[in-house]
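Indexing begins at 1, ligand by ligand and atom by atom, following the structure's order. Remember, it's a predicted structure, so these values are computed and weren't measured experimentally. Excluded from the calculations below are hydrogen atoms, water molecules and symmetry mates; all remaining heavy atoms, backbone and side chain alike, are included.
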Amino acid sequence: MQPPPHKTLFPLLRRLSDGRFHSGEALAREFGVSRASICNVLAHAQALGLTLHAVRGRGYRLPGAVEWLDVRAVVAHLGCLRQNFDVRVLDSVDSTNRALMAAALDGAPSGTLLCAEHQTAGRGRRGRAWHAVPGGSLTFSLLWRYDTGLQSLAGLSLAAGLAVARAVNRHSAHPVGLKWPNDVVVGPRKLAGILVEVQGDMDGAAVAVVGIGLNVRLGAAQREAIDQAVVDLAELGVKVGRNRLLADCLAELHAIGEQFRMHGFAALREAWQELDVYTGRSVVLSMPDGRTLHGVAAGVDDTGALRLRAAPGAQPLTLTGGEMSLRLERDR
Ligand code: BTN
């Protein structure tokens with residue numbers, strides 16, 4: 001877990017993203033801190049992966065325009081869908097998934113959305129960390145409540161992946177696809193990941209926190225820290241602002257979430273398979289205990305379980321579990 005950032009970090013970054021230079025002295029005056037403190041805070045920003053221009057005699061600025069998240073902008077982009085969400089934006093938090101689950105247990109309503117510019121302990125699947133650069137990604141979690149129990153949530157993470165892929169495809173000339181169980185990908189490279197965490201009864205009240213991390217513009221430090229092939233929206237030439245993109249993700253999540261609530265994943269299976277980049281390909285599935293299974297990917301079933309044909313002509317095996325990972329045979 002990284003230490004929480006200094007309280008002036010994000011106000012400072014917002015100030016520096018107007019494209020102009022700001023002297024250390026003027027910033028120190030404006031924020032009521034010493035010049036040394038400004039210097040330390042900006043060194044921390046660089047350690048987090050932000051690129052800063054520092055020019056002697058002129059001061060500091062952020063070279064690229066950053067569109068910081070803004071509740072009012074997200075709500076305006078949502079239009080009449082706004083009533084389905086309670087949008088909250090934080091500068092920094094340990095993990096939006098952890099914080100939202102805590103809020104859920106405290107009574108937060110279905111539709112609560114928690115976004116953060118920065119996570120000090122972002123969680124990925126399979127116990128991994130999720131790496132993101134402030135202003136260069138979307139990291140958010142959405143709370144949904146159900147009265148149909150945990151048993152009705154099979155396939156929810158695949159459904160969320162479909163929603164994110166659709167939102168990105170509204171803007172991308174290079175169509176993005178899906179990789180079981182819930183990665184949003186361009187070819188073999190990962191654009192977004194989803195971590196769904198649930199609590200509740202098998203049959204009664206249940207909550208799901210749908211956590212999404214989407215690479216908008218990764219820095220060199222993030223790329224180095226991530227131990228898999230990644231891609232970001234900048235490489236795809238997608239220029240949409242982050243507030244608009246977040247609202248589009250929410251709109252797609254809302255539409256898919258309603259279908260899922262009424263009919264389960266079965267109603268989304270075909271649409272999911274249309275974007276599946278692995279169907280018909282030779283793959284290797286790694287199990288949590290280290291064993292591997294080889295076969296040809298054959299889509300998913302009505303619960304979102306992977307269908308894997310281990311031998312030609314054989315009935316596909318169905319495999320389920322968030323702890324598994326899939327890769328192409330030729331990438332071994
Ligand atoms: C994966 O490993 O593919 C899943 C990554 C999920 C990351 C997101 S970022 C927002 C939310 N908060 C977290 O701590 N994790 C999820």
Do Asp183 side-chain atoms and Gly193 backbone N/O form a donor-acceptor pair below 3.5 Å?
-> no

Against heavy atoms of Phe140, which atoms of ligand 1 measure under 4.0 Å?
-> 10 (C)

Short N/O distance, under 3.5 Å, between Arg123 and ligand 1?
-> yes

So which bit of Arg126 gets within less than 4.0 Å of ligand 1, heavy atoms only: side chain, backbone, both or neither?
-> neither

Could you check which of Arg125, Lys190, Met101 puts a non-hydrogen atom nearest to atom 3 (O) of ligand 1?
-> Lys190

Connected via hydrophobic side-chain network under 4.5 Å: Leu214 and Leu114 | no

Ile194, portion touching ligand 1 at heavy-atom distance under 4.0 Å | backbone

At a 4.0 Å threshold, what atoms of ligand 1 neighbour a non-hydrogen atom of Gly122?
-> 14 (O)

Contact atoms of ligand 1, heavy-atom distance to Thr96 under 4.0 Å = 10 (C), 11 (C), 12 (N)

May I ask you to say whether Arg223 pairs ionically with Asp232, meaning some side-chain N is under 4.0 Å from a carboxylate O?
-> yes

SB check Arg14 Asp91 (cutoff 4.0 Å) | yes

Using 4.0 Å as the upper bound for N to carboxylate O, is an ion pair formed by Glu252 and Arg170?
-> yes

Would you mind checking if Glu25 and Arg58 are paired as a salt bridge, meaning a charged N to carboxylate O distance below 4.0 Å?
-> no

Identity and separation of the nearest protein heavy atom to atom 5 (C) of ligand 1 = Trp130 CE3, 3.3 Å

Select one of side chain, backbone, both or neither to describe which atoms of Gln119 lie under 4.0 Å from any atom of ligand 1, heavy atoms only.
-> side chain

Ala298 backbone acceptor or donor facing Arg307 side chain under 3.5 Å | yes

